[in-house]
Structures are given as structure tokens and as C-alpha cells.
Amino acid sequence: MSKARILVVEDERIVALHLQQRLKLLGYDVTTPAASGAQALVSVRDERPDLVLMDIHIEGPMDGIDTAREISRTSDTPVIYLTAYSEQATLERARATRPYGYLIKPFSERELHATIQMALERRDADLVVRQSEERLLLALEAADMASWELDATTKSVLHVGNSHRFFGHPQEVLAGAWDGFLARVHDEDRHQVDRVFSHTSDHGGLCSTEFRSVHPDGTLHWLKIQGKLFTGNVDRKSRIIGVIQDITERRRTEVQLQQAAMVFESAQEGILILDRAFDVINFNRGYCTISGCQDDEIIGKFPHILDTSLGTPVDRRSMMTTLAAAGRWHGEILGRRRDDSLLPVLVNIASVCDAKGDVTHYVALFSDMTAIRQAQEQFQHLAHYDPLTDLPNRLLAMDRLQQAMNAAQRRNGTVALLFIDLDHFKRINDTLGHSVGDELLRTVAKRMRLAVRQEDTVARLGGDEFMVIVDRVEQPVCVAELSNRIIARICEPIALAGIEFTVSASVGISLFPDDGLTQDDLIRAADTAMYVAKDDGRNRFAFYTKEMTRKATLYMERDRDLRRGFDMGELVLHYQPQIEMASGAVLGVEALIRWQHPTAGLLGPDAVIPIAEKSGLIVPIGEWVLREACAQACAWRRAGLPPLQMAVNVSARQMNPDRLPQFLKTLLDETGLPAERLEIEITESTLQNEDDCLATLLQLKRLGLMVAIDDFGTGYSCMGSLKSLPIDRLKIDRSFIRDIPEDRDSEAITEAIIAMAHRLNRTVIAEGVETLAQQDFLRSRGCREGQGYLYARPMAATAVAALLAERFGLAPDLS
Ligand SMILES: Nc1nc2c(ncn2[C@@H]2O[C@H](COP(=O)(O)O[C@H]3[C@@H](O)[C@H](n4cnc5c(=O)[nH]c(N)nc54)O[C@@H]3COP(=O)(O)O)[C@@H](O)[C@H]2O)c(=O)[nH]1
């Protein structure tokens, strides 16, 4: 253990040397003695003695007490005063410097040694305390804390460490009366702080509270004070001692977290926190509302709303790739709710990464877009539909018209544009009021919609002007019929405001491409036509061209007449025999329609078939013909006439595989006519144009019927296709037979058809045979059968019976 080094401060050199000797003898190490305060301070600084023996009266301006004060200010070196004086004032001054001892001269070796030892002991103890204090201070500083102390009895603040940091005031401002301290606390927290400290002062134990301190610059700091009531062992004083801490940052974070939690919980959007495997680890109420899922159906599972089995398929792989590359993915999908209903959702997914940049979670946000989409739809609707009638407005009508024109151009078709204007609407509006006028327009709009096909567009252009766009017009006459249907519907009585009245309409029609190639041209043409209809007396239609109007009107009159005639049973069948040319034997007959018109007399098929084809009446008329022909064939059989082939013409529109075979099967079953006795004649063009034709023919062959191709040679059937068709007979067209023998080409064609029929193992018959020369030619080329005026004209059923009876010498029972 090293010797303690002692500095002697003594202005009397002899005394100083003597004291040094005594100290050495006592085992101490001594430094060079100092005679003045200035020397002493230099020595303390340079020699670093363990103790100073300080005479009070020394050289220089500073006495020993001043020097000791300066030493204690700049170092920890303990000072023991040496003096011969012991008057009170000096002692008071000396005590204020907190010396480690006081030796009154003269003193003994024992006194000197004991005082020095005690001083060194005390210095060591002080050092330990100071180090411990220092450690505590450093620890508090490291924790951004400070100590504080309150006298619980007097409720005065004894100490507030680092007061600047926490209160913005020096210690002196805070120390002292409790109210002074409370004045630095925020108004709203003051009562609480007072209550907490009062409680601990009165009842002991721990105290802890958080409050805001108000700094002089107005800033607020959140502080946390914790403490405990202690009662001093010596002085029995009650103190609350503890630590103070600035928790402003923590409070801010807490507030932010609270706000975030509030946003999370109260958000209308669905929010999910997903783990790296995309399984849900947290969700908010919004997600439950949007997805319809219960709490226990969400956690630990893949988000139901992203389920790809319904709605918009979400390509999970590309989503993950985007998330990995950009950290976010968003898109609008049709999401799947718990009950499998679908809803439009905007999905935003963001990756959450740790400090190293590795993905730890995903946050997914789901916004229900239903309301927005509905609003958009409503907006779209408002932009494109008339609010009064809910019909398309001019804007949408023009768009539809353009589309129809484009499509018609591609397929070489026709589009009709109908301009419809109510007659005298203004009068109704003026007399019955606008609300009745509005109601009338609504009623008319509904009636027009009911009059047209689903695919046609009915639009309101404004006022009492409407437009109908008819796509895929087959015949202009169909448009005329539609116009009449619309006019008729509009004309039906309307009861409004307690009054029943009727309103009529005038319709102008233009056709694309005939009447114009642009929208403007077509509209202008339809408008012009509408004024023509008005000029002609209103309540009618008019085409842009007069000829079209005339044709359509004529057709409709004929159509009406035919329907009436059909209903009145004015249609009849005549039969033209088919002959074996070598023997003159009647092999069969062809049923040909006639119309016994009440004013025009007997009309041929030309007055029936074209109109019936256009109006669709051909199907019921054709079925009537088949029924009538079969019934007649059976009647002849029953009358004892020899069995005959019954050939019946069937139009292309009848060749419906879902209808004709079943109809014929039932007919044969009902009449008992053997199937092979009935021959269906279809034209070559029917065979070539109708997709359904082949399917129907195959079914007819399965029933056992015979099939002939009528007007053969006028189409373009090739041998290859004929070979595979289910036909039994070719009927050479009358136009080739007519020019035989004058025309070589007709002869060549006829000859070729006969040869082809033979090669294909089909029978062949020539129609329109009028002369023996024609018959000779046909026979010489191998054609065995013929039909024509040479043998017989088409005739009534009774005439056929009479002819057959005569040929066979029979007396048929035709009763
Ligand atoms: N879908 C249906 N079509 C029918 C039906 N009935 C008739 N038709 C079609 O009408 C076409 C014309 O028939 P029609 O006016 O009766 O003329 C037939 C004969 O009168 C006529 N013919 C017969 N021989 C001669 C002749 O020597 N000279 C001459 N100038 N004309 C003659 O030919 C018609 C029969 O021809 P086809 O049917 O081609 O064998 C008629 O062609 C049918 O297409 C019906 O019910 N449904």
C-alpha cells in the first residue's frame, strides 16, 4: 500500500519544515511545502497530494480558508486546517468550506496522525459515495431519466434532476413550494398530479403518474414520475423520492397507434394482415361486412374474397410476382362473398418488410365498389337513356344505328330506320296538360317496345319523336308490317286522367344502304318519308321511295287477302299425272295448289306461294297441302283405284328437322298411306341453301318417304354432292324440255342429266313435256317418265279419278 502524500501550506518556513519532518516520521510522504495560496493551488494541481494541511494565515492575498475553498472547487483533495486561532468568526468561515479536520496549534503527533487518518478515511468514504452517485447519475442519464425528491411533510420540492430537460426551468424555479411546481404542470393534469402525490404523502407506498409539463416556450412534454415514500432513519423526515422520465415520444407513438387502431377498426374498407403464406392473422370489422365471413372463418385461412373458383380469377402467381418486384399489387376483381354472391372489389395489397428488407407480412385493403359501380351505371344510364320513357336517347340510338349499318355492310344486309311522330300530340299536350302528355308518351313508348322484336331498338329523340332501328331486314315488306303493327298498337285506346282517347302516329321509313349510306342521309330520308305519311293523311307509314310504299301496300293487301282465303277454305289442290312414256300408264300425280278466289277466279301458285313465303304463312299452308294430298291419295285407294305416287312440293321454310319429320310421321300414321307412296319435291336451290335441309331429308328417308329434286339443272349441283344425298329422283326442269329439239344446249343438258341419274342409280322424270318430239328425244336418251300437257294438265281430284277409271276400265267408288 503506497504512502499518503501530504502538502503542507505554511508561510513560516521553519514551522513548515518541522511539520514535514513530523509527518515523515509518522510514515507519510510529503511534497514541497507551499507558503501562499497560489503556490498551494499549483502544487495541488501538479503534485496531486492525498491531503492538504492548511494554515489559515499564509502569505499572499488569499488566506488558507480562501485557498481551501478554491481547492475543493477544483479537486477532491481533502483539507485540514492548522491554526493557532480559534475565534468564532474564523471557525465559521472555515466550516463553510467543509474541511476534513481542524487542528489547533500546538498539536501532538497523535492528534496529527489521528486527524490525518480520519480525513483520509472520510475522503475514501466520500469517494465511494461520489462514485456511486456518479454511477446513479450516469444510469439515469442513460435512461433519459432524472431523480427528484419531495418533502412529504411540508410538500416542498427538494430536488428535480435535469430540470431544464424536463420542465425547461432551472432547479431553483422548481425547488421549493409545491404550488410552484404544480404551476409548471398542464392545467388539465394538475389536479391529478396533486391527488397522486397527496395520496402517497398521506398513505405511503408508491406513486406513479403521467402528465404534461408546460415549457416556457409553450411546448408540452409528457412526463412520467414514479416515486416512493421513505422515512429518513436519522432525521425521521418523510420524503418521496423517485425518477422522472420524458415520455413525449412514447405518448406520441401511443396516440398514433390508437389512431391507427381506430382507423383499422372503424374503416369501411376490409383490412387484412396476412402472413407470408397469405393466411390471415388479423382482420377488421370492415372485412367481415364486405366478405360476409364470421370471425372464426377468417383467421389462419386464405382470404375468402380472393377465392378464384368464382368471380374474377386472380392469378396468384402473377400477383406474388408483382408484390415481390414492386412491393404492391392492386386491381379490381369480382370478389366472392361467404354466400357465393359476387361483388366488385378494389384490392390493394402491400408487402411489409423487416429491417433487412425481407417480407414479413402483407396488408390487404378491400374496397367495396358496388356503390361506385352502381353510380357509374346510373350515370351511364342517364347519359344514354331518356328519363321520361327509359328508352335509348338520341346519343345511344345513333350509336346503335351506326353499329347496325356496319354489320349490315359486312353481310350485305339491310337496316331499316323508322321515324315515328305522334299525330296532333301538341293538341293533347295543350288541352290535357303536360303531365297527361308525359304519361301518354310513356304509354306509347311501352306499346312500341311490345310491337318490335327484342333485338330492335326503340329510341326517343325528343318531344313526340321516336325512332326504331330494325336490324337484319329480310324484306322491306316486313318493315311495312312492323310499321303497321306499331301504328295499330299506338292507336289502341288510352285512358288517362279519367278520359279515354286515341292517338295515331305517322311513320317514315328509310333503308340502308338503298336510301343513304350515312346516318345523316338515312335520318333525312326517314324524316322526309314521315312528312309524306303525314301529308297522305297521317296514321300510316311511308317509305322514302314511292315505289317501295306501293309495293309494300300491295303486298300487305294480298297477304291479308290470302289469310282470309286460307281461313275461308278457298285453297284447293289440283293434280297433274306423271306418266310412263312407253305405255302411257299413270304412275303418280303431283299435287299443285290453286286458290279459288271469290272475285279473281281460280289463281295459280304464284298468287299464293311468294306471299306465303314472305309472311311465314307457307308453313301452315304447306302442311295443309300435305294433309290434303295424303287424304286424297287414301281416298283414291279406298275408291279402288290403282296405287299412285303422290308428289308434293315442299318449300325451304318447311324443311325444319324439328317439325316436318314429326308432322309427316303423324300424318302417315293417321291416314295409313304407305310412306313410299308419298314423294317430297324440293327444289335444287333449297337443297343448296338450307343447312337444315340435309338433316330433314335424312329423317324423311328414315321414315321411308321418297324424295325428288324439282327444277333439276337450274342450280349447280355437282355429281359428287348428289351421290351422297338421300334422293330418289331427279326432275328435269321444264325450261330445258321446252327448247327441245331446237336448242342443242338444252338437249345436251337434258341428255347429261339423264345419264347422270342413271349413273347414280336415281330415277329421272322430265317435266313440261308438251310435244311428241320432246317425248321421242327423252325416250331415245333413256328417260322413262314424263309430266306435261302432252299427257294431262293439272286437274281437280274428281277429274283424276275419272281419267284413271277410264284408263283402267274401272268404275271407282268416289262417294
Ligand atoms: N311449295 C309449294 N309449291 C307449289 C305448290 N304447288 C305448286 N307449287 C309451285 O308452283 C310452281 C308452279 O306450279 P303451277 O303453276 O301449278 O305449274 C305446274 C304445272 O302447271 C306446270 N306444267 C306442267 N306441265 C307443263 C307443260 O307441259 N307446260 C307448261 N308450260 N307448264 C306445265 O308446271 C308446274 C309443275 O312444275 P313442277 O312443280 O316444277 O313439277 C311449281 O313448279 C311449284 O314449285 C305447293 O303446294 N307448295
Side-chain angles (χ1 to χ4, degrees), residues 562 565-566 570-579 581 586-596 601-633 645-656 660 664 678-687 690 693 696 706-715 729-740 746 750 753 763-775 777-778 785-797 799-800:
L562 177 60
F566 184 42
E570 292 171 8
L571 300 186
V572 291
L573 290 187
H574 280 193
Y575 301 91
Q576 186 177 31
Q578 295 178 334
I579 306 296
M581 287 188 280
V586 180
L587 300 172
V589 292
E590 179 184 3
L592 295 160
I593 199 161
R594 299 288 182 266
W595 181 4
Q596 192 61 57
L602 190 67
L603 301 175
D606 282 355
V608 178
I609 304 300
I611 294 175
E613 290 266 18
K614 276 183 194 165
S615 67
L617 208 56
I618 190 69
V619 176
I621 289 180
E623 288 179 355
W624 173 82
V625 170
L626 282 162
R627 209 176 294 115
E628 188 69 14
C630 286
Q632 188 56 65
Q645 285 299 114
M646 175 61 78
V648 179
N649 291 283
V650 169
S651 101
R653 293 185 75 164
Q654 283 178 267
M655 293 297 282
N656 179 346
L660 187 65
L664 285 169
L678 182 60
E679 183 175 77
I680 300 299
E681 279 192 20
I682 54 164
T683 62
E684 206 181 350
S685 55
T686 300
L687 194 64
E690 295 300 314
C693 185
T696 309
M706 304 300 281
V707 176
I709 300 187
D710 202 2
D711 304 339
F712 193 81
T714 54
R729 189 143 78 145
L730 303 182
K731 231 177 152 183
I732 307 169
D733 189 62
R734 203 166 61 222
S735 58
F736 303 119
I737 308 300
R738 186 185 57 212
D739 298 334
I740 293 173
S746 295
T750 305
I753 293 172
T763 58
V764 62
I765 180 169
E767 66 178 27
V769 183
E770 293 186 355
T771 64
L772 284 170
Q774 289 165 345
Q775 179 183 267
F777 175 82
L778 290 162
E785 297 172 29
Q787 180 183 342
Y789 294 171
L790 181 64
Y791 315 110
R793 286 183 175 256
M795 57 188 79
V800 175

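First listed ligand is number 1; within each ligand, the first listed atom is number 1.
Annotation: ligand 1 has protein neighbours Gln576, Glu590, Leu592, Ile593, Arg594, Pro605, Ile609, Val625, Asn649, Ser651, Glu681, Asp710, Asp711, Lys731, Arg734, Glu767, Gly768, Val769, Glu770, Gly788, Tyr789, Pro794, each with a heavy atom less than 4.0 angstrom from the ligand.
A salt bridge links Glu785 with Arg729: the closest approach of a Lys/Arg side-chain nitrogen to an acidic carboxylate oxygen falls below 4.0 angstrom. A salt bridge links Lys731 to Glu590: one of the charged nitrogens lies within less than 4.0 Å of a carboxylate oxygen.
Looking at Tyr791 and Gln576, their side chains never bring a donor and an acceptor atom within 3.5 Å of each other. Side chain to side chain, Gln645 and Gln578 fail the donor-acceptor criterion of an N or O pair below 3.5 Å.
Evaluation of the side chain to side chain donor-acceptor pair (under 3.5 Å) test over residues 615-627, restricted to residues two or more places apart or in two chains, returns Asp559-Ser615, Glu623-Arg659.
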Legend entry - Step-by-step side-chain contact (heavy atoms from CB on, under 4.5 Å) determination, Leu603 to Arg594: CA-CA 6 Å; Leu603 301 175; Arg594 299 288 182 266; over 6 Å; no
